[in-house]
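Down below is the structure, laid out as structure tokens.
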Number of protein chains: 2
Amino acid sequence: MDFSIGELSRRTAVKVPTIRYYEQIGLLPAPPRSEGQQRRYAKAAISRLAFIKHSRELGFEVDAIRTLLSLQDRPDHSCASADAIAKARLAEVESRIASLNALRLELTRMVDECACGRVAECRVIETLADRSHAHGPLALE
Amino acid sequence: MDFSIGELSRRTAVKVPTIRYYEQIGLLPAPPRSEGQQRRYAKAAISRLAFIKHSRELGFEVDAIRTLLSLQDRPDHSCASADAIAKARLAEVESRIASLNALRLELTRMVDECACGRVAECRVIETLADRSHAHGPLALE
DNA sequence: CCTAGTTCCTCTAGCCACTAGAGGTTCAAG
DNA sequence: CTTGAACCTCTAGTGGCTAGAGGAACTAGG
């Protein structure tokens with residue numbers, strides 16, 4: 001009926017210490033314990049943890065996941081804030097993609113132009129040293 | 001002739017505590033000090049710091065930058081390892097772009113399909129709860 | 001020369017989301 | 001009853017900074 005943390009880990013592919021960490025920060029409710037104080041989970045824990053896992057894979061921060069989880073528990077509530085969170089994340093991802101594309105362009109140029117001889121004429125080193133290539137800050141990588 | 005850490009910060013747009021941090025981890029050499037123990041930089045520090053800054057903007061890790069800097073100091077050496085570092089970073093960026101594109105697709109679908117009514121029929125929440133959407137681990141975000 | 005205000009110094013702790021390890025207990029199979 | 005895997009708590013470390021405390025040193029104006 002109920003199962004151990006190791007079993008939960010196997011069924012969700014979330015590592016055991018990570019599960020304990022999620023409990024500690026309040027993403028997962030503290031489950032009942034066995035006589036010897038070991039955690040015993042019910043089936044509901046699987047779907048909750050899967051929800052968290054999928055959210056993390058999409059890059060939602062823990063705070064956002066907390067909000068999304070609490071929304072999930074109130075089916076009659078408006079889902080506007082879930083929508084807003086997802087849209088914000090989408091915007092982040094898009095701007096991240098844009099800046100990575102710029103990086104790719106510059107890295108490609110560096111690598112392509114390097115004749116790969118001595119450092120003195122190396123385009124890679126040269127480009128890095130060139131102060132005119134100013135970017136904005138990297139924001140989140 | 002020489003200038004303070006604040007001046008160096010202004011000229012490179014690298015924050016003062018960051019400059020001290022770079023010194024601490026050995027990216028920047030420790031400069032001479034004034035009588036009152038304040039750092040006094042020579043012009044060379046600007047280009048070295050600019051090199052570091054540009055490298056960070058391109059996403060190179062500190063260890064890689066250490067290698068790149070030491071190569072820069074040896075102009076007669078082969079630049080093969082600089083090339084290798086840049087290529088590795090390019091590969092990282094490309095795989096990162098690919099996974100972000102997958103995320104964007106999924107987020108777009110979620111957001112587009114959400115009729116934005118009650119949570120009970122919210123596509124955002126529904127998608128997150130759906131265990132069949134298994135991704136690999138997020139690697140580096 | 002004095003003072004006020006800015007800049008500088010070191011040191012410690014915090015950020016995020018985990019991950020690793022020590023040192024000890026409990027469980028399940030044989 | 002014994003063995004060995006899995007579990008427990010707790011602390012500390014990761015990367016690349018950033019923030020703040022508490023105090024010393026510079027610099028411009030009077």
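Here the structure is a predicted model, which means the values were calculated and not measured.
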Considering every strand and a 4.0 Å limit on heavy-atom distances, what is the contact class for A:F60: base, sugar-phosphate, or nothing?
nothing
Covered region of DNA chain C, 5' end to 3' end, by chain A [heavy atoms, under 4.0 Å]:
C:dA17 to C:dC27
Between B:R40 and B:S4, is any pair of side-chain heavy atoms under 4.5 Å apart?
yes
Does OP1 or OP2 of D:dT9 have a side-chain N or O of A:R39 closer than 4.0 Å?
yes
Write down the distance between CD (B:E57) and P (D:dG16), rounded to a whole number of angstrom.
15 Å
Could you go step by step and tell me if A:E106 and A:R109 meet the salt bridge (Lys or Arg N to Asp or Glu O under 4.0 Å) rule?
CA-CA 5 Å; A:E106 186 164 1; A:R109 232 178 358 213; 5.1 Å; no
Nearest to the side chain of B:S34, which nucleotide is it out of D:dG16, D:dC8, D:dC26?
D:dC26
A:F51 vs A:L68 side-chain heavy atoms within contact, under 4.5 Å:
yes
Rounded to the nearest angstrom, tell me the gap between atom CD1 in B:I65 and atom P in D:dC17.
8 Å
Separation of atom OH in A:Y41 from atom C1' in D:dC7, rounded to whole Å
11 Å
Given D:dC7, D:dC26, D:dC8, identify the nucleotide with an atom nearest to the side chain of A:R33.
D:dC8
State whether A:E57 and A:K53 are salt-bridged, where the test is any N-O pair (Lys NZ or Arg NE/NH1/NH2 against Asp/Glu carboxylate O) under 4.0 Å.
yes
Nearest whole angstrom, please: distance from the P of D:dG16 to the NZ of B:K53.
17 Å
d(CD, B:Q38; C1', D:dT27) in whole Å
11 Å
Taking the side chain as every heavy atom from C-beta outward, state whether A:R104 and A:N101 have any atom pair closer than 4.5 Å.
yes
Heavy atoms under 4.0 Å, any strand shown: does B:R20 hit a base, just sugar-phosphate, or nothing?
base
Between atom CG of B:L128 and atom CG of A:L58, what is the distance when rounded to the nearest 0.5 Å?
6.0 Å
Assign each of A:E35 and A:P17 to its nearest nucleotide of DNA chain C by heavy atoms, then name whichever residue's nucleotide is nearer the 5' end.
A:P17
Find the distance B:I5:CD1 to D:dT27:P and express it as a whole number of Å.
15 Å
So what does A:I25 hit on the nucleic acid, given a heavy-atom distance under 4.0 Å: a base, only sugar-phosphate, or nothing?
nothing
Would you say B:T18 places a side-chain N or O within less than 4.0 Å of OP1 or OP2 belonging to D:dT18?
yes
Spacing of A:L8 atom CG relative to D:dA6 atom P, expressed in whole Å:
15 Å
Both conditions, 6.0 Å and 45 degrees, for the charged tip of B:R11 above the ring of B:F3: are they met here?
yes
Using whole Å, report how far NZ of B:K15 lies from P of D:dC17.
10 Å
Assert: residue with more 5' nearest nucleotide on DNA chain D, out of A:Q37 and A:Q24, is A:Q37
